[in-house]
Amino acid sequence: MSGPRIAALLGRLEGELRTLRDGEKFSNKSRISAGNLVFVCTARSIANRYISVVDEMAQRFPSRAFFVAVEGAPTGSRSSADSSTRLDLLGEGAAVRILSAQQLEAQDDEGPRSMMGLAGDSAPLPSMENAADARMSVDVDGRVYAIETDADGLSDRVDIRGPRAFARHLASAVDALVLPELPVILVWVGTARADDGVFQAFNDDTKRVITDSAYAGLDSLLSIFQWTQEADTRPRLSDLAWVRLGPWQELTARFFDDDRSPLLDVLDRIEISHAAADVGFQPPDCALFTAWIANRLGATLERDSFGYIAPQKNGRRFPITVTPVPRPKGVAPGTLASVRFLAKSNEFTAQIKRDLGTGRGDQTADADLLHWHIADGVTVLEQTIRLHSNKVSYWLDRTVRRPDEEPLFVAVLKTLLAMDAAQDRAQESLRG
Amino acid sequence: MSNPLREGLEAGRVVPPCTVVIFGAGGDLTRRKLMPALYNLAVSRALPGGFAVVGISRGEKSDDAFREEMHEAVGTFSRKKPIDPGIWTDFAPGLFFQAGAFGEAETYAKLKERLETIESSRGTKGNRLFYLAVPPSEVRGIVEGLRGAGLVEKHTSISELPFTRIIAEKPFGHDRASAAALNGLLGEVFGERQVFRIDHYLGKETVQNLLVFRFANSLFEPLWNREHVDHVQITVAEDIGVEGRGRFYEQTGALRDIVQNHALQLLCLTAMEPPISLHADAVRDEKVKVLRSLRPLGPRTIRSSVVRGQYTGGFVRGDEVPAYRQEPDVAGESSTETFVAMRVFVDSWRWGGVPFYVRAGKRLNRRATEVAIHFKRVPHAIFPVPDGGISPNVLTMRIQPDEQIALRFTTKEPGQNTVLRDVAMDFRYGSTFGSNTPEAYERLLLDAMRGDATLFTRADEAEQQWAFVEPILAAWQENPTPPPMYDAGSWGPEASHELLAADGRRWRKP
Ligand SMILES: NC(=O)c1ccc[n+]([C@@H]2O[C@H](COP(=O)([O-])OP(=O)(O)OC[C@H]3O[C@@H](n4cnc5c(N)ncnc54)[C@H](OP(=O)(O)O)[C@@H]3O)[C@@H](O)[C@H]2O)c1
């Protein structure tokens, strides 16, 4: 039923991809690609807006990009108002332009960064007779666009849209169009669960999957992580929330450079704050940061009512408190707002404080300002630093250029899983 | 004591805090290259947390006036434009200026005091990188001044802290003796590991890519030898003239300005054996071996293997341009060479008998720097082809104007008959990895701060380079007849073409 229609669509897309680079406009462009980027978006509310992230990414990274919009809610999925607010914000106040396909076409002649729509007629499919849900719009559609890269190269973007029930068809269409020899990197936009059929359909042959747990939540991240660890053939996992912690880690490490690392053995407390989120949402930034510290200090982690406790090998147990602070408009819930280290009976304090919302995407391309401060009773060192770019595409680009698997990230996720497992065991024994 | 929080963080970002002291901060190099490079490092967040720059030259001015000047320079010459006000606001307070003449002890005493204040306010931990952006005549005075003021401590290891390092600009001497004297002077005050001699060509992406290309691909290295390579052409062509630097060029010439350093570096990277690692000394040991195996040029070979030239008036890119002798500050009868071409042999097991043709010059047809490996022809022609048979494969590593790797090979044209056609497959570096290719000076400054000397010239390397070209300089000095002329906008004098024609070969047209 659907087979021949998808085949026809594929035939058209293949033809368009072949001729995309013909013609004078692109004839002098380099044709080298560095990979396939498959963006799968299961939340209609952000699909249109994410397209500009895909394009910015394809401008930075010569590639064949796929933007697959899978329509319809997964059964039993939690689509609370909270998760859609988080999805709406798309990163640290990211500047996301909303561009429809028509707008992209209209930009055709706007110079080097313009994108050209070469789509012919869309080929809507007739209703799928045995569609699970009669209300679903059951057309599968595809389009092809050329995207000039920052440096005179050419990427392309293939948009494919279709209902959830067709996920396997969509995934197989993507499979047919990926550039051979080059890795497939899956970017999962929105919540994902490893046991979701759609997620699995797109993970048949991927080398790497990139999530953003700031939106998808910690549970989603841990579930996907466990799944990736089950077999060597599974893709490696990267997470944008983790990569965005990079500057925080760097600045935190700076507290303990030179002769100050012995302070790590005498920590009294760590205080972390984040932009307020809805009850029940565990801010992944805080969890990842905490687990990173625990892992580096050779400590384990226990959850507590105020946050966490980290029992160190030397027998010390220092608390890590996690508290919400008011969330300014335009800031994503759960965003890391400050970290503070206290040691030597509070004589030593080291703090990074973020001016939440100062780097909002509608005002600047830089992310928020950070104030770095260290005081040990004798000297005070201070610095103000900008937290890199606030664009999602910037962080994606950095993520793609990092190794497929980072041992440190794996270790941190394992620390979090071990904490949950210990907690489960404890509860079990209480009940028993 | 190591910091456990550093372990596993994204590599390459550990640049120790430091103060960069630029001698010659009023000069052209600082405006055009150094300050834009430092600013771009700030943009990519590559600078350490504790960071400061102290500029020194003659003429009093306030820190603010210096910051204003540098703002203008960065606005004009930066790779990333326009200046990001947020980043500039963070960067500018780290810039300081101090007036002083390089020959006076007072300059260094003041500098020392200034550095101590800046180090405590900027958290640079006493690490100092001295950059000599000055004419060679000033180097001795500065090095002695630094020593006199106790601003240098001699180290034998790169990891000693706080560090003191020095970056020396080209030209590094004007012959072997002066280079050795300079090395001697630096060696009295600094350990070799504290000295970073810049050849900015080594900071260019494609030049580094030569190593990656050769030693990270298994495809090319088996062909990289006398069995398969017919010859190698190295071209460093500029379309500009002396650009107001006539006085400097009169004393320099193309051989000293380009061949002795840049062209020989390209030759070394092309011809060297695989180093055992990327450590500074492993790579430089291999380069020095190549320099040592260059067949020495005697008076007779110089006559038959080295060609020089000087440009007369002509047309370049549509403009009529004057002859070299008509440039300001150039003698009317000048015999300075603005062009050199030579045939060089690397006497080694790998390269025995393979000629390396090297040419460099000003006011040539176009700006192009490249290394082209010409492979041997197929041993037997089974395809009927007109005009001289199937053209051999050529692999070109292009360094300027754009960074590119191209492979020329032969294919069949589609059709009923077997018609062969040469095609070129291009890999343009920038277009593949995005335009954020850093400038050479960014990479080199960062490497010096990190203490990685792989891309810098070692003392013995600099001397060997001079040792190779010195007989040519001597031969020309003995025979002061003016060099043959070539039209500006051409590819050099006739003799250069004859040099290759004598071997049955031709220069490429890059
Ligand atoms: N420009 C380039 O693009 C470039 C490229 C590669 C290599 N280089 C090399 O870099 C070095 C510097 O080149 P440049 O073009 O920047 O030279 P420049 O424009 O002549 O600048 C030299 C600077 O040194 C200062 N200076 C000279 N003698 C001094 C003294 N006795 N006391 C105090 N200050 C003194 C000058 O100060 P005043 O302003 O007071 O004279 C000026 O600021 C040279 O070795 C050159 O070969 C330059």
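For the pair B/Pro4 and A/Ser261, the minimum side-chain heavy-atom distance is below 4.5 Å.
Minimum heavy-atom separation, A/Arg296 to B/Leu5: CB-CD2, 3.6 Å. Nearest heavy atoms, A/Ala253 versus B/Leu9: CB-CD1, 4.1 Å.
Counting non-hydrogen atoms of neighbouring residues, nucleotides and ligands closer than 6.0 angstrom, the CZ atom of B/Arg366 reaches no more than 12 such neighbours. More than 12 heavy atoms of other shown residues, nucleotides or ligands fall within 6.0 angstrom of atom CD in A/Glu405. The environment of CD in B/Glu116 is crowded: more than 12 heavy-atom neighbours from other residues, nucleotides or ligands sit within 6.0 Å. B/Lys125 NZ: more than 12 foreign heavy atoms inside a 6.0 Å radius. For B/Arg193, the CZ atom sits in a loose shell: 12 or fewer heavy atoms of surrounding residues, nucleotides or ligands are nearer than 6.0 Å. By the neighbour-count criterion of 12 heavy atoms within 6.0 Å, atom CG of B/Leu278 is sparsely surrounded, having that number or fewer from other residues, nucleotides or ligands.
Only the side chain of A/Trp292 comes within contact range of chain B, judged by heavy atoms closer than 4.5 Å.
Once rounded to the nearest 0.5 Å, the distance linking OG1 of B/Thr89 with CG of A/Leu369 reads 9.5 Å.
Without hydrogens or angle criteria, A/Asp257 side chain to B/Asn3 main chain gives no donor-acceptor distance under 3.5 Å.
Of the charged side-chain nitrogens involved, at least one lies within less than 4.0 Å of a carboxylate oxygen, so that B/Arg6 and A/Glu250 count as a salt-bridged pair.
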